[in-house]
Amino acid sequence: LSTVDIMYLLVGCAELGYRDERFLRLLAATVRSKSDEFFSSQLATAFASYSQMRIKHPAWFDAMIFELFKRQHDLVEKDATNVAFGMMQIAAVERHDSGAPATPKALSQQDLPEPSYPFDRHQGAFYSMLEITNGHRRRLNYPAIVQLQMMELFLRLLEPSVYRDMRQELKEMFAKARVVSVAVDDYMQSSSKMHRQISQWFERVGLHHRSEV
């Protein structure tokens, strides 16, 4: 199998919700053994897809997060956002399997719980992915905005120490994503490229233009 075949197999399994753990672990092992043959974008996609499977595989995730961290300068904002979102999904599974309470409690800054895996080991890598997203936030699409909204909610409620230690610029990025009404604005994603460009020009001179006729 080529690297493209392996990547699309993982993507397809994630989309279909196929969770034959033995098969998926074999695919993951192949990704790890051939990681130097994968483009950085392919590796990020494989990581994001595997993280959706609810499979506890910390050795694989450790290796892939470290590899993606090394290649962070090759990642575009979409890849980086997907990796960060994948890390959040891994943490959600870890909390569920460990029996951590799903309902947040009011805690003082001194009583915040220790981060869940993978944030306990790879918090710096998570921040690095978000820095890439923040550096190109004007180019984010609506699915990425939704991912940011979900990540902020998860971090603030269930991983408060990770959110607390985040740079202020990243918190501001989350705040800006929070106020985007995807339900109202999502139709712009299906508009033509010319219409989106014209809308941007109008908005620069103070004219609000959204309708495409």
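Source: prediction; values computed, not measured. By convention here, the first residue in the shown sequence is residue 1.
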- Query: Same cluster or not: are Y50 and F66 linked, directly or through other Ile, Leu, Val, Met, Phe, Trp or Tyr residues, by side-chain heavy atoms under 4.5 angstrom apart?
  - Reply: no
- Between R164 and L112, which heavy-atom pair has the shortest distance, and what is it? NH1-CD1, 3.4 Å
- Item | Common cluster, M88/V93, ILVMFWY with side-chain heavy-atom separation under 4.5 Å | no
- Before giving the answer on side-chain contact (heavy atoms from CB on, under 4.5 Å), spell out for R139 and K78 the whole-Å C-alpha distance, their side-chain angles and the decisive distance to 0.1 Å. CA-CA 9 Å; R139 288 157 46 183; K78 177 184 176 182; over 6 Å; no
- Mind running side-chain hydrogen bond (donor to acceptor under 3.5 Å, both in side chains) on Y127 and N134 for me, showing each step along the way? CA-CA 10 Å; Y127 292 154; N134 187 43; over 6 Å; no
- Item | Sub-4.5 Å side-chain heavy-atom contact between L1 and T30 | no
- Message: Contact between S41 and L75 at the side-chain level, heavy atoms closer than 4.5 Å - yes or no?
- Response: no
- For the residue pair Q72 and I132, what are the closest heavy atoms and their distance? O-CD1, 3.2 Å
- Task: Kindly compute the distance separating CE (M64) from NE2 (H57), expressed to the nearest 0.5 Å.
- Result: 9.5 Å
- Query: Is there a side-chain contact between F47 and V31, using heavy atoms and a 4.5 Å cut-off?
  - Reply: no
- Message: Taking D120's backbone N and O only, do any of them form a donor-acceptor pair with Q123's side chain (distance below 3.5 Å, no angle check)?
- Response: no
- Item | Hydrophobic cluster identity match, M173 and V146, side-chain contacts under 4.5 Å | yes
- Item | Chi angles and distances behind the side-chain contact (heavy atoms from CB on, under 4.5 Å) call for D97, R54 | CA-CA 10 Å; D97 292 347; R54 294 183 59 90; 4.0 Å; yes
- Just how far is it from atom CZ of F119 to atom CD1 of I90, taken to the nearest 0.5 Å? 8.5 Å
- Does a side-chain heavy-atom distance below 4.5 Å link H122 with D62? yes
- Task: Side-chain contact test, heavy atoms from C-beta onward, threshold under 4.5 Å: evaluate it for E169 versus E131 and give yes or no.
- Result: no
Sequence neighbours left out, cut at 3.5 Å: what donor-acceptor pairs do the side chains of residues 14-21 make with other protein atoms?
unit_1, atom_1, unit_2, atom_2, d
Y18, OH, D20, OD2, 3.4
R19, NE, M53, O, 3.3
D20, OD1, R22, N, 3.3
D20, OD1, F23, N, 3.3
E21, OE2, R25, NE, 2.9
E21, OE2, R25, NH2, 3.1

Can you list, pair by pair, the side-chain donor-acceptor contacts under 3.5 Å of residues 4-13, counting residues two or more places apart and other chains?
unit_1, atom_1, unit_2, atom_2, d
D5, OD2, S2, N, 3.3
D5, OD2, S2, OG, 3.0

- Atom CZ in R156, atom CE in M166: separation rounded to 0.5 Å? 10.5 Å
- CG of D79 to OG1 of T45: how many Å apart, nearest 0.5 Å? 5.5 Å
- Query: Salt bridge check: are E152 and R178 linked by an N-O gap of less than 4.0 Å?
  - Reply: yes
- Are F174 and L130 side-chain neighbours, meaning at least one heavy-atom pair lies under 4.5 Å? yes
- Neighbour count >12 (heavy atoms, 6.0 Å) for atom CD, Q168: yes
- Step by step, work out the side-chain contact (heavy atoms from CB on, under 4.5 Å) result for F126 and L155. CA-CA 12 Å; F126 178 69; L155 294 174; 3.8 Å; yes
- Query: If you measure from the Lys or Arg side-chain nitrogens to the Asp or Glu carboxylate oxygens, is any gap between E67 and R32 under 4.0 Å?
  - Reply: no
- Query: Where the side chain of E77 meets the backbone of G135, is there a donor-acceptor pair that is under 3.5 Å apart?
  - Reply: no
- Message: A side-chain contact here means heavy atoms from C-beta on lying under 4.5 Å apart; do T81 and L140 qualify?
- Response: yes
- Query: Where do R71 and S35 come nearest, in terms of heavy atoms and distance?
  - Reply: NH2-O, 2.6 Å
- Full working for side-chain hydrogen bond (donor to acceptor under 3.5 Å, both in side chains) between S116 and E159: CA-CA 7 Å; S116 304; E159 297 288 349; 2.6 Å; yes
- Task: Can you measure from CE (M87) to CG (L68) and round to the nearest 0.5 angstrom?
- Result: 9.5 Å
- Item | Flag side-chain contact, heavy atom, 4.5 Å: Q42 against F39 | yes
- Quick check: does any side chain N or O of S98 sit under 3.5 Å from a backbone N or O of R95, one acting as donor and the other as acceptor? yes
- How about M150: does its CE atom have over 12 heavy atoms from other parts shown lying under 6.0 Å from it? no
- Query: Between atom CD of E37 and atom CG of L43, what is the distance when rounded to the nearest 0.5 Å?
  - Reply: 11.5 Å
- Query: According to a 4.5 Å side-chain heavy-atom criterion applied to Ile, Leu, Val, Met, Phe, Trp and Tyr, with indirect links allowed, do L158 and Y117 form part of one hydrophobic cluster?
  - Reply: yes
